[in-house]
Amino acid sequence: MTTFFQLIVVGISTGSVFAIVGMSLVLVYRATGIVNFAQGVFAVLGGLLTYSLGQHMSLVVAAVLATVISAVAGTVVAVVAVGFRGRTTPLASLIITVGIALLAEALLLTAFGEVPRSYRAVSDHAWNIGGVLVQPQYAVLAVVALAAALGLTLFLRRTIVGQALVAAADAPRAAELIGLNLRSVAVIAFAIAAALTAIGGLLLAPTVPVTYNADLSITINGFAAAVFGGLASIRLALLGGYALGVVEQLVVGYVDPQYNLIIALSVMLVLIGWRSRGELAL
Amino acid sequence: MTLLDVRDLVVRYGEAVAVDGVSLEVDERERVALIGPNGAGKSSVLNAACGVIRPASGRVRIEGHDVTGATPAAVVRRGVSQVPEGRHVFATLPVEANLLLGAYGRLFSLEVVSSTLTYLRSRTEVRQRLDRVYDLLPQLRELRARPAGRTSGGQQQMVAIGRALMAAPRLLAIDELSLGLAPLLVQQLAEFLVRLNEEEGVAILLVDQSASLAFSLCQRAYVLETGRVTLEGASRDIEGRTEVRSAYLGSDTGDQA
């Protein structure tokens, strides 16, 4: 039973990262109609940058810098994915983001090497709750995921900038007609999503060392979490992330560690198949 | 003074010529209609004037400023707001957010931070304009918290008009006011537009398939056929010409089939 709860705890922590990536994907999709398959790159970038910068400064400062740099990288991806002029179709944008992901892996390999990187967690002491070890890092991840969900929801519902993002997705033509610039809207969404994913990635690195090519599995897991809510709901992406993380850990613990990406892919495909028959089709 | 001046406008989609040398003027405080059968190029004229599509040739000026090929945002800032065909409200956002975005959009530029700060600084002004729009369209006040997608077709048309008015336009360009709406509702909206024009001084450019609506609402009209203006003048003069009824506008019963 202790093993079971231990797996759940670890599952919630990795699930928090899936949730964070999933919510980032939802944000970008809601604002632009683009599925950003390079989203996981920002998690890797966040982790590797924090490691490298952390050699020269405190980890906290390194983490903040890594987040900011990731946001800037996000704006670049936005401009490329949305197209320099005119409107790129969502399909073309998706293919562009896949290309960006491949290119980014090569760049990350050149810049940071292939050694998995890790660094100090927020605390070295684990809490022992009835035999179940809970790393404070897990708690931080879970809190950040919850805060991100709350923050994003409030941002999209209550702030004029967030509402502009929703408006651009709801009726792009009308959004343009009232003066909104669709490319600016895309840039905001990509930048926020990149920063958020970077935070998730840099918080994960202490428990799961980050390598240059980890982005694909992070993206797929995040996408599976996001599809749980039809790519439209922040709240369901959060729940989807947790659920996926827990299920994967249970399979890793009781069946075979090799299966975790297969689980994410299966969950994703089943959800897409199920959703596409209902009214909430992708 | 001429508010909107469209000169020798040509719009092409690939090889197809949709608009073939159309000239059109709307003066300040004027109500003008652009009518004609389906596919005559009415919406193309409007969209070229509003910066949605780039004309192949010709000029668009707003109060003497050349806005040919400018962005929709630039046209909005010059004082021309469009109510798009099919309304296109922001369905998942509350009615009030739809309206406020109309004010935000006018201030929106590539620099999001500065445009947002400008918007927040002019909050009292925006609030006053919102109250004015609510006074003009009282139904919207009652619906303010409801997602715009969950209001009726007529209410959505009001949201779209209110949203355009939040940008404080000098000219309201309306694409297909009557499309898909019940005749009584269209009548009410038309009365509202006349009042808006007379009390607030907002000029109206109405693009519609319904000739009866256009003639009752507007002082002047242009009849467009296959991309060319075939008739223009005072509504009552054009209305009297029987060939207009039969040739271009079908039997004029006001229905939209």
Side-chain angles (χ1 to χ4, degrees), chain A residues 26-27 29-33 68 71-72 74-75 78-79 82 84-87 152-192 195 229-235 279-280, chain B residues 46-47 50-52 54 71-78 80-94 96-120 123 126 147-149 156 159-160 163-167 169 173 175:
Chain A
V26 168
L27 176 67
Y29 182 76
R30 280 201 68 175
T32 64
V68 172
V72 173
T75 65
V79 172
V82 176
F84 293 98
R85 57 205 171 99
R87 259 169 270 167
L152 280 180
T153 307
L154 286 176
F155 170 69
L156 292 175
R157 291 221 184 123
R158 301 261 179 247
T159 70
I160 194 78
V161 179
Q163 288 169 340
L165 300 193
V166 178
D170 272 1
R173 212 172 91 72
E176 263 195 309
L177 275 178
I178 62 168
L180 296 178
N181 183 293
L182 295 182
R183 205 176 319 154
S184 300
V185 165
V187 164
I188 304 169
F190 272 83
I192 294 174
L231 271 179
S233 163
I234 298 285
R235 208 172 0 139
E279 54 177 315
L280 272 167
Chain B
L46 197 60
N47 284 332
C50 292
V52 180
R54 186 181 279 272
T71 61
V75 173
V76 169
R77 280 194 281 277
R78 284 276 173 222
V80 175
S81 285
Q82 192 195 130
V83 179
E85 179 183 345
R87 304 176 275 279
H88 294 280
V89 295
F90 305 131
T92 61
L93 291 172
E96 184 153 300
N98 270 264
L99 299 178
L100 290 174
L101 281 168
Y104 180 61
R106 191 174 72 103
L107 303 169
F108 197 84
S109 69
L110 286 173
E111 294 163 85
V112 178
V113 177
S114 66
S115 33
T116 307
L117 286 176
T118 315
Y119 170 81
L120 293 175
R123 196 186 258 163
V126 171
Q156 288 188 19
V159 172
R163 181 178 65 193
L165 288 177
M166 285 298 288
D175 200 358

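Reminder, nothing fancy here: chain letters follow the sequence lines and each chain counts from 1. Here the structure is a predicted model, which is why all the values come from computation and not from measurement.
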Exercise. Does a side-chain heavy-atom distance below 4.5 Å link V52(B) with L177(A)?
Worked result: yes
For this session: Could you tell me which portion of S81(B) (side chain, backbone, both or neither) has an atom closer than 4.5 angstrom to a non-hydrogen atom of chain A?
Result: neither
Exercise. In terms of heavy-atom pairs under 4.5 Å with chain B, which of T159(A), V161(A), V187(A) leads?
Worked result: V161(A)
Exercise. Checking heavy atoms, do the side chain of V83(B), its backbone, both or neither come under 4.5 Å from chain A?
Worked result: neither
Seminar exercise, completed: One option among R106(B), R77(B), R163(B), M166(B) has the most heavy-atom pairs under 4.5 Å with chain A, and it is R163(B)
Exercise. Quick one: what part of N47(B) sits under 4.5 Å from any heavy atom of chain A, side chain, backbone, both or neither?
Worked result: side chain
Exercise. Between V185(A), L156(A), I188(A), N181(A), which residue shows the highest count of heavy-atom pairs closer than 4.5 Å to chain B?
Worked result: N181(A)
Problem set entry | Interface residue of largest heavy-atom contact number with chain A, from T92(B), L107(B), T116(B), under 4.5 Å | T92(B)
For this session: Please determine, among A164(B), P84(B), G86(B), P94(B), the option with the most heavy-atom pairs under 4.5 Å with chain A.
Result: P84(B)
For this session: Flag the pair Y104(B) / I178(A) as yes when at least one side-chain heavy-atom distance between them is below 4.5 Å, and no otherwise.
Result: no
Problem set entry | Contact class of I160(A) relative to chain B, heavy atoms under 4.5 angstrom | both
For this session: Determine the minimum heavy-atom distance between E85(B) and R173(A), stating which atoms define it.
Result: N-NH2, 4.2 Å
For this session: Grab the two heavy atoms, one from A171(A) and one from F90(B), that are nearest each other, plus how far apart they are.
Result: O-CE2, 3.6 Å
Exercise. Would a 4.5 Å heavy-atom cut-off, applied to side chains only, mark E96(B) and Q163(A) as touching?
Worked result: no
Seminar exercise, completed: Minimal heavy-atom distance between S184(A) and V112(B), with the atoms involved, is CB-CG2, 4.0 Å
